[in-house]
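Residue numbers start from 1 in every chain, and the chains themselves are labelled A, B, ... in the order their sequence lines are given, proteins ahead of strands.
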Amino acid sequence: MKAQRIVLPVVVAIVLIGLWHGLVKAFEIPVYLVPSPGKVLETLIKDWSLLGGSLYNTLKITFFAFFCAVVLGVAIAFLFVQSKFIEAAFFPYAVLLQVTPIVAIAPLIIIWVKNPTASLVICATLVALFPIISNTTLGLRSVNPGLQQLFKMNRATRWQTLTRLRIPSALPYFFGGLRISSGLALIGAVVAEFVAGTGGTGVGLAYQILQSGYQLNIPRMFAALLLITLAGVLLFALMVALSKWALSWHESELSNDH
Amino acid sequence: MADDHRRYAQPKLLAPMIEILSASKTYPNGTHALQPVDLKIQEGEFVTLLGPSGCGKSTLLKMIAGLLPATDGRILLWSKPVEAIESTGHRMSFVFQEATLMPWSRVAGNVRLPLELQGVDSSDADQRVNDSLALVGLSKFHDAYPRELSGGMQMRVSIARGLVTNPTLILMDEPFGALDEITRNKLDQDLLELWQQKKLTVIFVTHSIYEAVYLSTRVVVMAARPGRVIEEVPIDEPFPRGPEFRVSTQFAGYAKHLQESLLRASNANELAEGAL
């Protein structure tokens with residue numbers, strides 16, 4: 001069962017890459033339209049000094065933004081559960097933030113914030129923030145009512161109830177939020193780099209894609225794209241491992257189904 | 001323990017430890033969950049609140065526990081309101097309908113919780129957790145997670161958690177309702193042994209006539225719409241009660257009496273509703 005979950009996707013990947021290679025060769029598709037997989041890999045290695053640096057920069061933005069989103073999101077969620085009043089007043093604005101496309105507000109943020117790195121981090125944070133807020137809020141509220149009464153009957157303090165009941169109850173939801181949010185942080189970082197374009201610091205992977213587009217360097221474009229995808233997958237796997245480790249007691253982590 | 005052939009003992013000189021004085025519950029929307037109830041419970045009794053859903057038996061239990069305020073009337077435990085129970089030197093614990101365990105905490109951690117919330121020091125707590133687990137026969141599962149246990153075993157953990165504070169009064173809200181009959185019978189039997197051994201007072205909510213007859217020194221029969229007490233039936237049979245008691249003539253007699261009492265109340269309700 002466990003082996004299947006690794007072997008099957010790998011087989012699919014091999015078949016698809018083989019198909020890609022075969023089609024490119026058979027129809028003699030020019031390299032400036034679709035490069036062959038071998039060519040992409042070759043470019044990746046040849047241009048690594050360039051692409052590796054860009055990957056580092058994009059990941060840096062992603063991690064900063066993710067970190068900010070977690071800290072801010074959790075803080076806001078705690079605020080929301082402290083009082084229905086605060087939640088009623090501010091939750092609609094959290095939704096507003098979520099539904100406004102980041103491409104639409106990124107130019108403003110990039111103009112307002114002098115430091116290019118900071119402006120990109122802010123954009124990506126805005127994208128990644130909402131799932132943390134909503135999941136953590138839901139989690140902090142989803143306490144077993146019986147346990148709540150048990151705590152009450154034993155005269156638990158507010159602090160004891162928070163640390164021993166509310167926070168552990170919220171963890172599965174929180175980690176669910178982390179998984180979604182980590183991917184969004186990467187997307188936010190790439191989108192923000194796109195908007196900032198060549199006018200920004202100009203060293204992220206999105207910048208490499210834009211540049212390669214202008215220069216019709218399609219293999220490098222593919223290589224950059226591949227790096228973004230790999231980074232996303234890696235981030236997701238990291239979050240899965242983290243939640244497995246932290247929630248070893250939880251039903252959802254018992255079997256292989258998710 | 002086996003020589004404890006006491007009959008349903010009603011201490012004559014002691015003041016009742018639980019006095020329910022015209023306590024009633026009306027919800028803000030005007031629903032009468034419980035009409036005024038008067039009930040006195042003596043130390044050492046095993047009283048069962050028996051009735052159909054909606055008769056207010058759980059409501060009454062939660063009012064005794066202080067989890068729900070009474071709309072009217074008073075409830076006294078050792079002559080004090082429930083908030084002041086500490087000052088009487090007695091303790092009360094509550095066992096819920098489901099095991100209600102913290103899934104992130106091991107069996108020992110769950111049992112220990114009330115002690116930690118009350119600030120009992122660590123080595124003392126260890127000892128009491130072990131004692132309590134031994135009482136319910138789960139010493140071997142000290143370090144297991146709740147999800148690794150069967151429903152019946154989880155319920156035992158819940159009972160161990162109820163016993164760990166050395167309570168004199170235990171309130172149980174349909175604790176074995178979700179279990180299969182064989183497991184339930186076994187737990188009923190073990191509960192009676194604990195009750196005798198620890199000289200507990202138990203108030204037990206159930207909708208099973210048979211469970212009520214088997215366990216109780218007294219059954220309080222309740223009816224629904226509106227929730228009210230209709231009868232109190234002493235089960236005047238000696239303890240310990242073994243499995244043979246379940247198939248005895250006396251048992252059947254009590255069960256018949258309770259069933260008829262419940263039926264009369266529900267028929268009366270239907271007639272009254274038909275008249276409208």
Side-chain angles (χ1 to χ4, degrees), chain A residues 74 77-78 81 84 135-179 239-258, chain B residues 58 61-69 77 82-86 91-107 109-120 125 143-149 154-155 157-158 161-162 164-165 167 169-175 178:
Chain A
V74 169
F78 271 102
V81 293
K84 283 267 180 210
N135 274 35
T136 311
T137 306
L138 182 66
L140 287 169
R141 286 204 192 291
S142 66
V143 172
N144 179 323
L147 280 174
Q148 213 158 7
Q149 291 180 332
L150 183 77
F151 272 68
K152 189 180 160 198
M153 282 190 65
N154 283 290
R155 313 268 198 270
T157 59
R158 219 178 148 86
W159 176 250
Q160 283 174 323
T161 310
L162 182 71
T163 53
R164 286 163 176 268
L165 184 60
R166 277 189 186 277
I167 291 176
S169 300
L171 280 183
Y173 296 84
F174 169 72
F175 279 104
L178 278 196
R179 285 186 201 186
M239 288 306 120
V240 171
L242 191 69
S243 76
K244 260 207 162 62
W245 171 77
L247 302 178
S248 55
W249 50 269
H250 196 259
E251 292 93 341
S252 71
E253 302 296 348
L254 278 184
S255 47
N256 293 324
D257 50 356
H258 51 247
Chain B
S58 286
L61 196 74
K62 286 190 173 141
M63 278 160 50
I64 298 171
L67 290 171
L68 276 179
L77 308 176
V82 60
E83 298 77 31
I85 189 168
E86 273 98 355
R91 285 184 191 284
M92 166 180 62
S93 65
F94 197 99
V95 176
F96 295 87
Q97 214 158 355
E98 274 133 28
T100 319
L101 303 174
M102 302 179 291
W104 56 84
S105 190
R106 293 170 197 274
V107 164
N110 270 289
V111 174
R112 199 188 169 94
L113 178 76
L115 300 177
E116 286 186 355
L117 293 179
Q118 293 169 9
V120 173
D143 293 324
Y145 278 109
R147 59 170 156 76
E148 295 166 331
L149 307 180
Q154 291 187 8
M155 211 59 233
V157 177
S158 186
R161 181 179 63 194
V164 80
T165 51
L169 171 64
I170 299 196
L171 310 177
M172 304 181 97
D173 188 4
E174 289 187 52

Residue part contacting chain A, namely of [X], when any heavy atom lies under 4.5 Å:
X: B:F94; result: both
X: B:R91; result: neither
X: B:L113; result: side chain

Practice item. Determine, step by step, whether B:L67 and A:M153 satisfy the side-chain contact (heavy atoms from CB on, under 4.5 Å) criterion, reporting the C-alpha distance in whole Å, the side-chain angles of both residues, the deciding distance to 0.1 Å, and the verdict. Key: CA-CA 7 Å; B:L67 290 171; A:M153 282 190 65; 3.5 Å; yes
Check your understanding: Who wins among B:F96, B:W104, B:Y145 for the most heavy-atom pairs under 4.5 Å with chain A?
Key ->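 The answer is B:W104.
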**Study point:** Among the listed options B:Q118, B:E148, B:M92, B:Q97, the residue most often paired with chain A at heavy-atom distances under 4.5 Å
**Key:**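 Of the candidates given, the most pairs with chain A belong to B:Q118.
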Can you say whether [X] sits under 4.5 Å from chain B via the side chain, the backbone, both, or neither, judging by heavy atoms?
X: A:S169; answer: both
X: A:Q160; answer: side chain
X: A:L171; answer: neither

Review point. For the side chain of B:D143 and the backbone of B:R106, is there at least one donor-acceptor N/O pair under 3.5 Å apart?
Key: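 No: the side chain of B:D143 does not pair with the backbone of B:R106.
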Review point. Counting only N and O atoms by type, is there a donor-acceptor contact under 3.5 Å from the side chain of A:R179 to the main-chain atoms of A:M239?
Key: no
Exercise for review: Check the pair B:T100, A:L150 against side-chain contact (heavy atoms from CB on, under 4.5 Å), reporting the backbone distance first and the verdict last.
Suggested key: CA-CA 9 Å; B:T100 319; A:L150 183 77; 5.7 Å; no
Exercise for review: For atom CD of B:E98, decide whether the heavy atoms of other residues, nucleotides or ligands shown that lie under 6.0 angstrom number more than 12.
Suggested key: no
Practice item. Quick one: pull up OG1 in B:T165 and CG in A:N154 and give me the separation to the nearest 0.5 Å. Key: 7.0 Å
